[in-house]
Number of protein chains: 2
Amino acid sequence: MASTDPAVRTAAGRLRVAVPSVAERVASELRLQLAEGALLPGARLTESTIAEDLGVSRNTVREAFAELASERLVVRHPNRGVFVASLGAGDIHDVYTVRRAIEVSALRGGGSPEDVAAVRAAVEEGKRAAVAGDDEAGGTANQHFHGAIVAMAGSPRLNTIMAQVLAEMRLFFHKATADAYFYQHYLPDNEAICEALEAGELDRAADLLSAYLDRSEDKLADVHGESGTE
Amino acid sequence: MASTDPAVRTAAGRLRVAVPSVAERVASELRLQLAEGALLPGARLTESTIAEDLGVSRNTVREAFAELASERLVVRHPNRGVFVASLGAGDIHDVYTVRRAIEVSALRGGGSPEDVAAVRAAVEEGKRAAVAGDDEAGGTANQHFHGAIVAMAGSPRLNTIMAQVLAEMRLFFHKATADAYFYQHYLPDNEAICEALEAGELDRAADLLSAYLDRSEDKLADVHGESGTE
DNA sequence: AATCGAAGGATTGTTGAACAATCGCTAAAT
DNA sequence: ATTTAGCGATTGTTCAACAATCCTTCGATT
């Protein structure tokens with residue numbers, strides 16, 4: 001998620017506890033507020049305001065902005081400021097294009113038994129959330145499911161790309177989260193995909209996932225429908 | 001490639017000529033030096049030195065570093081400085097995992113006749129370079145080829161991801177570029193893939209590309225072989 | 001002699017203040 | 001009503017300073 005390593009090895013070889021830089025902490029804080037919906041898409045982030053609120057220098061806020069901008073969570077308008085990114089219809093399709101490419105590829109490659117177990121665990125997590133009627137938990141479980149699929153590829157780069165894409169989607173999911181059945185509706189799909197994966201039928205699992213993503217995109221596009229494109 | 005848009009629309013609706021910020025210009029300059037091999041992997045980039053050399057503030061250099069770090073062209077070691085990224089064996093495999101996911105997916109999706117024509121153009125560009133014996137031109141033609149494949153997906157995000165990955169690879173390609181036949185060797189593959197694509201046999205084209213990438217990775221791993229892993 | 005520990009120097013991380021450039025807005029002028 | 005000019009605010013960038021941290025060197029100890 002963060003661009004720099006959490007644990008650093010000093011020259012002497014000792015492992016040092018990672019104490020995130022102030023800029024990274026600011027970025028994390030903003031990331032949190034973005035995920036929580038405290039900062040809505042399109043909202044403006046004034047440097048001086050945030051600097052005061054968080055008790056840091058304006059320059060440090062600036063560095064945090066650079067990090068968030070590289071993650072597309074925020075958009076820089078030169079000389080105008082940074083704004084919380086707002087995804088339009090085109091962006092939704094784009095994000096799903098990325099997800100299709102990454103997730104399907106990872107699923108086709110299969111994974112170790114532990115990797116598969118992680119996918120299964122995410123499925124069960126989703127079921128429990130559904131039983132408890134906890135939509136938010138269902139949402140995170142769903143993200144765990146897809147994260148576990150990508151993790152099968154064992155690729156750090158794919159993992160970070162996936163994490164960023166999911167963070168982007170979380171940006172406007174507040175709207176969709178209201179739909180009570182939004183996540184539960186996908187539970188059978190997750191189950192089917194997981195079963196195919198466990199049975200070693202990778203191609204079938206990949207096809208199921210692909211169809212799953214297509215439907216998910218359509219649904220999200222419907223829910224969205226009206227918001228601004230840029 | 002750059003994180004901010006090149007052309008910005010002012011509130012009044014007028015189109016403003018994109019004058020890249022100083023930080024972006026510094027980042028571009030460093031990117032250029034990295035691509036040219038003026039800065040070798042592992043080399044240290046001292047803030048004050050670069051600030052003086054380019055006649056900008058240390059703070060601005062810092063912002064440029066943040067951008068390059070987000071592109072993985074440079075690695076930040078907290079309190080130690082930033083270093084030109086050096087790819088180890090694991091990184092090579094990882095980069096190719098990303099490429100397989102993205103390129104194969106884009107190829108499977110097919111594209112418009114114009115998209116296919118762009119792929120064909122890149123193939124011919126590579127042939128001309130081979131005839132002329134220009135290895136460097138052959139290398140860029142090869143990158144155009146793969147870039148055109150990804151462009152078929154019509155996804156801005158996939159395009160930037162691909163661009164970053166290619167930039168990463170260029171980082172240590174200086175070593176491999178020495179091999180005269182390195183790129184030419186792949187020309188038949190490019191031709192075959194392009195023909196399958198033009199024939200509308202997307203699955204076959206995708207399989208060819210996948211095999212191509214596997215072989216390319218093996219070859220690159222061999223050439224590499226000895227360099228540091230971190 | 002080898003290991004350990006304590007200065008020393010250098011570089012990064014962060015702050016604060018300053019200033020020019022640019023933007024959006026308001027109000028005046030045509 | 002449209003355009004122009006001016007104004008306030010915010011960003012972009014620089015500069016200077018200081019604390020924190022690291023690497024190295026040197027010296028002390030066993």
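The chains referred to below are lettered A, B, ... by the order of the sequence lines, with proteins before strands, and numbering in each begins at 1.
Less than 4.0 Å separates DNA chain D from at least one heavy atom of each of the following residues of residues 43-54 of chain A: Arg44(A), Leu45(A), Thr46(A), Glu47(A). Contacts with DNA chain D (heavy atom under 4.0 Å) in residues 56-66 of chain B: Val56(B), Ser57(B), Arg58(B), Asn59(B), Thr60(B), listed by number.
A 4.5 Å side-chain heavy-atom check between Glu71(A) and Glu168(A) finds every atom pair outside the cut-off.
With rounding to whole Å, Arg25(B) atom CZ is found 11 Å from dT13(D) atom C1'. Put simply, CG on Asn79(A) is 14 Å from P on dT10(D), counting in whole angstrom units.
Under the rule for a side chain to side chain donor-acceptor pair (under 3.5 Å), the partners of Arg108(B) that lie at least two apart in sequence or sit in another chain are Asp203(B). Remark: Ser155(B) pairs with Asp94(A) by the side chain to side chain donor-acceptor pair (under 3.5 Å) rule, at least two apart or across chains. Residues satisfying the side chain to side chain contact (heavy atoms under 4.5 Å, CB included) test with Ala141(B), not counting sequence neighbours, are Glu125(B).
Of the listed residues (Arg76(A), Arg31(A), Arg72(A)), just one forms a salt bridge (Lys or Arg N to Asp or Glu O under 4.0 Å) with Glu67(A), and that residue is Arg31(A).
Note on ring orientation: taking the six-membered ring where Trp is involved, the planes of Tyr212(A) and Phe145(A) are tilted (angle from 30° to 60°).
With hydrogens and angles left out, the side-chain atoms of Gln33(B) and Glu29(B) include a donor and acceptor closer than 3.5 Å.
Judged by distance alone, with hydrogens and angles left aside, the side-chain atoms of Arg62(A) form no donor-acceptor pair with the main-chain N or O of Ser57(A) at under 3.5 Å. The closest donor-acceptor contact from the side chain of Ser28(B) to the backbone of Glu24(B) lies under 3.5 Å.
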Pull out every protein N or O sitting under 3.5 Å from an N or O of nucleotides 6-9 of chain D, one pair per line with the distance.
none

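Considering only side-chain N and O atoms, Arg76(B) lies under 4.0 angstrom from the phosphate OP1 or OP2 of dG13(C). Within the 4.0 Å cut-off from OP1 or OP2 of dG24(C), at least one side-chain nitrogen or oxygen of Arg80(A) is found.
Salt-bridge check for Asp134(A) with Arg128(A): failed, with every basic side-chain N at 4.0 Å or more from each acidic carboxylate O.
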